[in-house]
Amino acid sequence: MDETEFWALVDGAREDAEGDPEEQADLLVERLVLLDPEAVLDFARHFEARCRRAYRWDLWGAAWVLLDGAGDDAFDFFRCWLIGQGREVFEGALHDPDALAGLLDDFDEEIDGDGEDLGYAADEAYEQLTGLVMPGLGLPPAPAEPEGTPLDLEDDALLAARYPRLWERFRGD
């Protein structure tokens with residue numbers, strides 16, 4: 001599976017789920033089980049590689065503003081959700097996290113920002129196909145700390161200055 005096929009699966013499931021991350025995850029599992037186990041492993045490698053690319057302080061700050069706080073688990077689930085938004089949003093957010101203010105059409109704090117189920121879609125599909133737990137993906141170890149300069153995520157003034165568009169759209173009163 002190449003990158004284009006990976007994004008086509010993600011985008012197709014998102015469009016058919018009409019933006020609901022849980023429904024998107026279910027649709028993704030349904031589509032992945034139509035593939036062979038090696039293709040599912042390839043999908044999982046693509047997904048994990050993007051999750052790791054997004055493990056950055058600047059993106060964590062953006063998630064903090066969007067979600068009005070984001071601990072370790074919430075940031076993990078946010079990165080899965082961000083991948084689920086498709087290539088354009090994902091790459092745009094990596095290029096400029098504050099650009100999420102314009103890249104996201106709608107954002108419902110009740111359902112958006114949490115893509116935990118998306119993070120498990122390949123595991124579930126692999127298990128359905130083979131009856132086995134997904135093996136290791138053969139990727140280098142994940143970084144222990146986010147890339148970039150640490151941010152004081154509790155400092156509202158810093159976050160408002162660093163992410164002015166996000167702050168105005170999602171936290172401005």
So does A121 get a backbone contact from the side chain of E124, meaning a donor-acceptor N/O pair under 3.5 Å? no
Step through the shown structure and confirm whether more than 12 heavy atoms of other residues, nucleotides or ligands are within 6.0 Å of CD on Q128. yes
Would you indicate whether Y120, at its atom OH, is surrounded by more than 12 heavy atoms from other residues, nucleotides or ligands within a distance under 6.0 Å? no
Residues that R31 engages under side-chain hydrogen bond (donor to acceptor under 3.5 Å, both in side chains), provided they are two or more places apart: D16
Is it true that, when you exclude E5 itself, more than 12 heavy atoms of the residues, nucleotides or ligands shown sit nearer than 6.0 Å to its CD? yes
Within the structure provided, determine whether Y55 and E147 are in side-chain contact (heavy-atom separation under 4.5 Å). no
Please list, chain by chain and in numerical order, all residues satisfying side-chain hydrogen bond (donor to acceptor under 3.5 Å, both in side chains) with D42, sequence neighbours excluded. R45
Separation of E116 CD from F77 CZ (nearest 0.5 Å): 3.5 Å
Can you hop from M1 to V40 via hydrophobic side chains spaced under 4.5 Å? yes
Can you confirm whether L118 sits close enough to I83 that some side-chain heavy atom of one is under 4.5 Å from a side-chain heavy atom of the other? no
Looking at E3, I want to see if its CD is surrounded by more than 12 non-hydrogen atoms of other residues, nucleotides or ligands under 6.0 Å. yes
Does CD in E38 sit with more than 12 non-hydrogen atoms of other residues, nucleotides or ligands closer than 6.0 Å? yes
Going from CD on E88 to CG on D11, what distance comes out if it is rounded to the nearest 0.5 angstrom? 9.5 Å
Kindly indicate, with the supporting measurements, whether the criterion side chain to side chain contact (heavy atoms under 4.5 Å, CB included) is fulfilled by F90 and Q85. CA-CA 7 Å; F90 179 78; Q85 298 312 293; over 6 Å; no
Can you sort out the partners of Y163 under ring pair (Phe, Tyr, Trp, His ring centres under 6.0 Å), two or more places apart, ordered by chain and number? none
Any residue meeting ring pair (Phe, Tyr, Trp, His ring centres under 6.0 Å) with F43, in chain and number order, not counting sequence neighbours: F6
With a 4.5 Å cut-off on side-chain heavy atoms, are D76 and C51 touching? no
Taking only residues at least two apart or on different chains, which pairs with a member in residues 137-159 satisfy ring-ring contact (aromatic ring centres under 6.0 Å, His included)? none
Partner residues of E91 under the salt bridge (Lys or Arg N to Asp or Glu O under 4.0 Å) criterion, sequence neighbours left out: R53
CH2 of W60 to CZ of R79, rounded to nearest 0.5 Å, is 8.0 Å
Linked, directly or transitively: V33 and L27 (ILVMFWY side chains, under 4.5 Å): no
Checking the side chain of R56 only, and the main-chain atoms of P146 only, is there a donor and an acceptor separated by less than 3.5 Å? no
Atom pairs and distances, side-chain donor-acceptor, residues 65-75, under 3.5 Å, sequence neighbours left out:
residue: D68; atom: OD1; partner: R171; partner atom: NE; Å: 3.3
residue: D68; atom: OD1; partner: R171; partner atom: NH2; Å: 3.1

A side-chain contact here means heavy atoms from C-beta on lying under 4.5 Å apart; do Q24 and V10 qualify? yes
A side-chain contact here means heavy atoms from C-beta on lying under 4.5 Å apart; do C80 and F47 qualify? yes
Salt bridge (Lys or Arg N to Asp or Glu O under 4.0 Å) filter on E23, not counting sequence neighbours, yields none
D112: partners by side-chain hydrogen bond (donor to acceptor under 3.5 Å, both in side chains), with sequence neighbours left out: none
For E48, give me all partners under side-chain hydrogen bond (donor to acceptor under 3.5 Å, both in side chains), at least two apart in sequence or on another chain. R52
Between V29 and D26, is there a side-chain heavy-atom distance shorter than 4.5 Å? no
Between the main-chain N or O of G19 and the side-chain N or O of R14, is there a donor-acceptor pair closer than 3.5 Å? no
Answer whether the closest heavy-atom distance between the side chains of L132 and E127 falls below 4.5 Å. no
One should read off an interatomic distance between D2 CG and T4 OG1, to the nearest 0.5 angstrom, of 4.5 Å
The ring pair (Phe, Tyr, Trp, His ring centres under 6.0 Å) partners of W81 (sequence neighbours excluded) come to F78, F107
Would you find a donor on one side and an acceptor on the other, under 3.5 Å apart, between the side chain of W57 and the backbone of T149? no
By salt bridge (Lys or Arg N to Asp or Glu O under 4.0 Å) - contacts of R165 (at least two apart): D96, D98
Applying a strict under-4.5 Å side-chain criterion to I, L, V, M, F, W and Y, I'd like to know whether W7 and L104 cluster together. yes
Within a strict 4.5 Å, meaning less than it, do heavy atoms of the L100 and L82 side chains meet? yes
